[in-house]
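These numbers were taken from a predicted model, which means no experiment stands behind them.
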Amino acid sequence: MAKNGETVETKRVGETVEFGDPVMEATGTDIPQIQKHVFEAPLQLVLGELQKALYVVGQIIQTPRFKSLLKRLEKTLKSIEQVFYESWRLSKVLDHPDKETIKFISYLRNAIEIVVKCSSINCQTMSKKVLHSNKLMRLNNELLRFFQIDVQEKTMNTSMTDSIAISGLEDNSVVAFSADGYSRVCNLVHLQNLSITNCHELDVLPKKLGNLSNLEILNLHCCTKLQEIPESIGSLHNLSFLDLSDCLSISLLPDEIGELCSLRVVKMSGVHGLQELPDSMSKLSQLEEVICDEETSYLWMDFESDLYNLKLNVVEDDRFESFMKIVQ
């Protein structure tokens with residue numbers, strides 16, 4: 001990247017790359033100097049630092065889950081790099097309100113630490129790996145959103161896609177996704193990580209969710225109007241992590257959930273509508289950890305004698321915070 005005539009280099013094997021600055025030597029002609037927007041250089045700088053971190057950590061990381069997500073982030077940065085070559089696209093990005101841009105730049109600075117932390121989380125518990133994976137997915141989503149990179153059509157039509165994160169769908173967006181996106185998501189047979197979070201108008205999941213036979217992570221955190229889980233979830237025999245936390249409207253889980261033979265971690269704090277668990281929960285022999293609030297922990301007492309490896313991790317529940325999630 002360039003700032004006041006200086007370059008910030010991103011190290012690649014055998015080459016030097018400048019993030020988002022056209023190379024004048026490519027055309028052999030002089031390019032007129034154009035006055036830069038006040039936020040253009042800071043954005044380029046922090047993106048260059050993020051690109052460096054991705055490259056360095058990508059060389060030493062061993063965890064396959066993190067490797068895949070870091071590669072995805074690198075591809076996203078490649079797409080963003082093109083934005084800086086096309087003035088009309090860049091002007092649209094820089095039309096964001098100043099406060100939003102400042103907040104986003106600050107978020108990216110913190111995100112660099114998230115990337116770096118991947119190299120020191122190898123020996124942590126699975127739940128921490130999954131939570132960190134979700135942070136990386138959110139970073140990818142935020143980059144795509146801010147720079148207005150449209151990858152939905154490409155993603156939904158690629159059967160080899162292994163990870164999708166959807167956050168904050170409301171109103172018309174939920175209707176559009178429910179009508180069209182669902183059917184295509186359920187055809188992604190190689191999908192391993194599906195994260196649908198903070199979608200406060202989403203009240204139903206596709207009945208064919210069970211088609212995702214390779215799914216390992218299902219994150220439904222804070223889908224506050226989601227009322228039920230489809231019976232086909234029992235077909236997700238590779239599912240190891242399920243997050244239902246703050247799904248305030250779920251009142252019943254299907255018996256088929258007991259067929260999740262690989263399930264190891266469940267998060268379900270704030271599921272205030274749930275009054276009982278199905279008897280089939282006693283079949284979850286691989287279940288190691290349930291993260292829940294005190295109220296939900298009582299629902300698991302009947303299964304402690306069957307689930308020898310189960311550890312209940314009780315966290316404090318903030319009822320006021322839960323109420324705010326409903327009214328916002």
Check your understanding: Step by step, would you call I217 with L242 a side-chain contact (heavy atoms from CB on, under 4.5 Å)?
Key -> CA-CA 6 Å; I217 299 170; L242 175 63; over 6 Å; no

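- For R145 and E100, the salt-bridge test passes: some basic side-chain N is under 4.0 Å from an acidic carboxylate O.
- When all heavy atoms of V83 and V93 are compared, the closest pair comes out as CG1-CG2, 4.0 Å.
- Between the N214 side chain and the V189 main chain, a donor and an acceptor come within less than 3.5 Å of each other.
- Within a 6.0 Å radius of NZ in K103, other residues, nucleotides and ligands contribute 12 heavy atoms or fewer.
- Heavy atoms of other residues, nucleotides or ligands lying less than 6.0 angstrom from CG of D306 number more than 12.
- Nearest approach of C261 to Q286, heavy atoms of both residues: O-CG, 3.0 Å.
- In plain terms, the two heavy atoms of P230 and P206 that are nearest each other are CG-O, 3.5 Å.
- T101 and D98 share no donor-acceptor pair across their side chains, judged by distance under 3.5 Å alone.
- Between the side chain of S91 and the main chain of S87, a donor-acceptor pair closer than 3.5 Å is present.
- Put simply, the residue from I114, V115, N110 that forms a side-chain contact (heavy atoms from CB on, under 4.5 Å) with L139 is V115.
- Other residues, nucleotides and ligands contribute over 12 non-hydrogen atoms within 6.0 Å of the CD atom of Q82.
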Exercise for review: Mind running side-chain contact (heavy atoms from CB on, under 4.5 Å) on F241 and E216 for me, showing each step along the way?
Suggested key: CA-CA 6 Å; F241 181 92; E216 297 177 5; over 6 Å; no

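- With values rounded to the nearest 0.5 angstrom, L218 atom CG is found 9.5 Å from L191 atom CG.
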Practice item. Under the side-chain contact (heavy atoms from CB on, under 4.5 Å) rule, what do F84 and L47 come out as? Steps first, then yes or no, please. Key: CA-CA 12 Å; F84 288 89; L47 287 169; 3.9 Å; yes

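- A distance of 5.5 Å separates CG of L136 from CG of L69, quoted to the nearest 0.5 Å.
- Under a 3.5 Å cut-off, the side chain of S232 and the backbone N or O of K207 do form a donor-acceptor pair.
- Within the model, atoms NZ of K67 and CD1 of I61 stand 7.5 Å from one another, a figure rounded to the nearest 0.5 Å.
- Summarising the local packing, CD of E231 is surrounded by 12 or fewer heavy atoms from other residues, nucleotides or ligands at distances under 6.0 Å.
- Checking each of S269, S245, S195 against H221 for a side chain to side chain donor-acceptor pair (under 3.5 Å) leaves exactly one that passes, namely S245.
- Side-chain contact check for L54 versus L77: some heavy-atom pair is nearer than 4.5 Å.
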Review point. Can you check side-chain contact (heavy atoms from CB on, under 4.5 Å) on T197 and N134, steps first, answer last?
Key: CA-CA 10 Å; T197 62; N134 289 335; over 6 Å; no

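- Here the closest heavy-atom approach between residue F303 and residue P278 is recorded as CZ-O, 3.5 Å.
- The two residues L260 and L284 have their closest heavy-atom pair at O-CD2, 3.5 Å.
- Between the side chain of S262 and the main chain of H237, a donor-acceptor pair closer than 3.5 Å is present.
- Side-chain contact check for D293 versus V314: every heavy-atom pair is 4.5 Å or farther apart.
- A distance of 12.0 Å separates CE in M281 from CG in D302, rounded to the nearest 0.5 Å.
- For the atom pair S235 OG and L215 CG, the distance stands at 12.0 Å (nearest 0.5 Å).
- Every salt bridge (charged side-chain N to carboxylate O under 4.0 Å, His left out) that E288 has, sequence neighbours left out, goes to R264.
- Considering all non-hydrogen atoms of both residues, S285 and L307 come closest at N-CD2, 4.3 Å.
- H96 meets the ring pair (Phe, Tyr, Trp, His ring centres under 6.0 Å) test with F146; sequence neighbours excluded.
- Using a 4.5 Å heavy-atom threshold, the side chains of E49 and K52 count as separate.
- With sequence neighbours excluded, no residue forms a side-chain hydrogen bond (donor to acceptor under 3.5 Å, both in side chains) with D255.
- Using a 4.5 Å heavy-atom cutoff, the side chains of L90 and Y85 are not in contact.
- Under a hydrophobic-cluster definition in which Ile, Leu, Val, Met, Phe, Trp and Tyr are linked whenever side-chain heavy atoms come within less than 4.5 Å, directly or via other members, I102 and F147 are assigned to the same cluster.
- In this structure, L312 and M301 have side chains that are not in contact, with every pair of non-hydrogen atoms separated by 4.5 Å or more.
- Here the straight-line distance linking atom CD1 of I196 with atom CG of L202 works out to 6.5 Å at 0.5 Å rounding.
- Residues meeting the side-chain hydrogen bond (donor to acceptor under 3.5 Å, both in side chains) test with R109, sequence neighbours left out: none.
- Residues L94 and V38 fall within the same hydrophobic cluster, defined by Ile, Leu, Val, Met, Phe, Trp and Tyr side chains chained together at heavy-atom separations under 4.5 Å.
- Between V271 and L248, every side-chain heavy-atom pair lies at or beyond the 4.5 Å cut-off.
- Using a 4.5 Å heavy-atom threshold, the side chains of V266 and D243 count as separate.
- Residues L194 and L209 meet the side-chain proximity criterion, which asks for heavy atoms closer than 4.5 Å.
- For Y298, the side-chain hydrogen bond (donor to acceptor under 3.5 Å, both in side chains) partners at least two apart in sequence or on another chain are E294.
- Residues forming a side-chain hydrogen bond (donor to acceptor under 3.5 Å, both in side chains) with N140 (at least two apart in sequence, or on another chain): T76.
- Remark: the backbone N or O of L274 is not paired with any side-chain donor or acceptor of S251 at under 3.5 angstrom.
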